Amino acid sequence: MKHKTKSLEHIIHGIFLILGLITVGCVLLISVYLILSGLPAILEVGIADFLFGSSWEPSAAEPEYGILPFILTSIYGTAGAIIIGVPIGFLTAVYLAKMAPKKVKAVIQQAVSMLAGIPSVVYGLVGMIVLVPGIRKLFGIPDGSGLLAAIIVLAIMILPSIIKMSVTALEAVPKEFEDASLALGATPEETYFRVSVPAAKSGIAASVVLGVGRAIGEAMAVMMVAGNVPNMPDSIFQSVRFLTTAVASEMAYSVPGSLHRNALFSIALVLFLFIMLINATLNFFLKGDRTK
Amino acid sequence: MNHAIITVNDLNLWYGQSQALKHITMEIPEKSITALIGPSGCGKSTFLKTLNRMNDLIPTVKITGEVRYGGENIFESEVNALRKEVGMVFQKPNPFPMSIYDNIAYGPRTHGIKSKAKLDEIVERSLRDAAIWDEVKDRLKKNAIGLSGGQQQRLCIARALAVEPKVLLMDEPTSALDPISTSRIEELAMELKEKYTIVIVTHNMQQAVRISDFTAFFLLGELVEFGETEEMFSQPKDQRTEDYITGRFG
Ligand SMILES: Nc1ncnc2c1ncn2[C@@H]1O[C@H](COP(=O)(O)OP(=O)(O)O)[C@@H](O)[C@H]1O
Ligand SMILES: [Mg+2]
């Protein structure tokens, strides 16, 4: 009897282990696949020409495979979204965690959760219908779709991650710290910004990195509002194409096995490396919080 | 008896429906140590927190009566100015998770002091006054969380002293500490009364006898007896006081 339960335990343990290994296996499979399918084109084009070439013309008579426009667009787009989204998200989080009356807090948090649940194609759609014509009229330019529109859409899309994670970090700050500050004659606002925020800084930093990850990986919404032309992003109104959308929009008509198709895999590999870097940064911040 | 720095007049306090302080009237003498004793839940902490209005942070609290500090009713004066004058040390040491230096400089910076030289001077003076300077002077930039519990509590005292209060409220400041750290804090309190008025909550009657000049005995939200410590412990006037200090209840 005893023997039986023991072996049953082993079997159950084994099943869970296998389930866990499925995830690990997927990550490994994707990594290996991306590297194997991404490297050939990079080697054929030359790593410098591929990464720093400023012209992407795969179907020209003399094809060019420079992805610098995509890399810069992804970096600028993400940076822009962070510049707009972080201050708004951060201040909202401080307000929600520390100042908002209960009812207001409940309503705003509900809205934030809904924002997080909206599919990105809907963001793209609303961006196309509202934002793009708005930018066109406001700035008097022929076409409103471009880098700016993408930045605004991304800024809104990263708000929920930033707000939620920062609120959690701020709410975890022990009340004793805040009491000590108030007892020294500091106002509540001084207390939140000079004691609570510094005490929650790793969590807040992690929320920003999470936002960066979300922004750089977004494809659908930016494809719909960025104009999707492989230009260098030399103005905020320029029609541009992101790393993600470069892969998504050309995969369907590239010829399997061609250099063009392989170069798209290489773009995916570059994107993958960016994401890995962001994850490592995120882990760094979260670990910093735990050892404290 | 020294001149009174705080005068409490018919103070009542409610948490929602339940009354935690009943008709408290007393005068706290300047530059001396007043101990608040009484069984757990009798309102000592509540009374202490009323003196720097930390109870304001609890939404259900309702207060009637008067507490005068420097001739002004504290419930009508500006709360941050009051808390600068009437500092507080908490039961559990609560240094900010920042450097020792920044902990001490926090209060002065809040009140507008920016000069590095001035801050350096305040940090050194406060740490010396709290008898912890020698232990930390070589690691002012290190995080205060790394200090021992007793050192953290003295750091918290130094942090409170840095804004130059007149009164220091301490809520069982040694209850989380070992005996050696406890006696250091007791010695410190006795030195500090030269310059400051100290009101200390303690559940330890020996501590009250050792360090305080005056004692207030609370029971069920009432102030049963208030007087010179020596007198109260040798000849209590009220039967309930006698029962408590001889250990018959509480
Ligand atoms: N925040 C609060 N809300 C409601 N009741 C409280 C609160 N704090 C204390 N009380 C009540 O007030 C009474 C006095 O508490 P307290 O002042 O902490 O006593 P002591 O410090 O003497 O142990 C107790 O009955 C306690 O339950
Ligand atoms: Mg208490």
Side-chain angles (χ1 to χ4, degrees), chain A residues 90 93-108 165-208 284-292, chain B residues 45 48-49 51-59 77-99 102-112 126 143-146 152-153 155-165 167-171 176:
Chain A
F90 166 70
V94 174
Y95 176 70
L96 288 180
K98 300 297 170 187
M99 303 184 211
K102 269 208 179 75
K103 278 185 191 151
V104 178
K105 179 176 172 176
V107 171
I108 297 181
M165 197 156 173
S166 299
V167 165
T168 309
L170 284 165
E171 282 179 341
V173 174
K175 203 175 145 302
E176 291 90 66
F177 294 160
E178 289 160 8
D179 283 349
S181 166
L182 295 168
L184 287 165
T187 63
E189 290 73 24
E190 278 173 319
T191 300
Y192 304 144
F193 285 101
R194 293 186 51 211
V195 173
S196 318
V197 168
K201 65 173 184 289
S202 5
I204 295 172
S207 83
V208 174
F284 171 78
F285 281 119
L286 291 178
K287 205 175 261 151
D289 216 13
R290 247 177 281 129
T291 50
K292 220 195 285 159
Chain B
S45 298
L48 198 73
K49 282 189 278 174
L51 302 181
N52 69 342
R53 291 182 54 186
M54 288 300 278
N55 284 326
D56 287 20
L57 305 170
I58 302 166
S77 56
E78 214 261 309
V79 67
N80 300 313
L82 171 75
R83 290 182 185 151
K84 183 179 179 301
E85 296 274 307
V86 182
M88 185 161 224
V89 176
F90 296 80
Q91 185 163 357
K92 195 169 147 255
N94 57 353
F96 299 130
M98 36 176 109
S99 74
D102 287 338
N103 261 277
I104 309 297
Y106 182 86
R109 280 178 177 144
T110 297
H111 297 292
S126 309
N143 199 309
I145 302 299
Q152 288 188 4
Q153 195 60 304
L155 181 77
C156 292
I157 294 175
R159 181 177 64 188
L161 297 180
V163 297
E164 302 183 13
V167 181
L168 208 50
L169 309 174
M170 300 182 164
D171 193 348

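Keep in mind it's a predicted model, so treat the numbers as computed, not measured.
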Q: Salt bridge between B/Asp171 and B/Lys49, side-chain N to carboxylate O under 4.0 Å?
A: no
Q: I need the B/Asp56 CG to A/Leu182 CG distance, nearest 0.5 Å.
A: 10.5 Å
Q: Using 30° and 60° as the class boundaries, would you call the ring planes of B/Phe96 and B/Tyr106 parallel, tilted or perpendicular?
A: tilted
Q: Can you tell me which portion of B/Leu57 sits under 4.5 Å from chain A's heavy atoms? Options are side chain, backbone, both or neither.
A: side chain
Q: Quick one: which of B/Arg53, B/Glu85, B/Met54 has the most heavy-atom pairs under 4.5 Å with chain A, could you say?
A: B/Met54
Q: Checking heavy atoms, do the side chain of B/Pro95, its backbone, both or neither come under 4.5 Å from chain A?
A: backbone
Q: Taking 4.0 angstrom as the limit, do A/Lys98 and A/Glu178 come out as a salt bridge?
A: yes
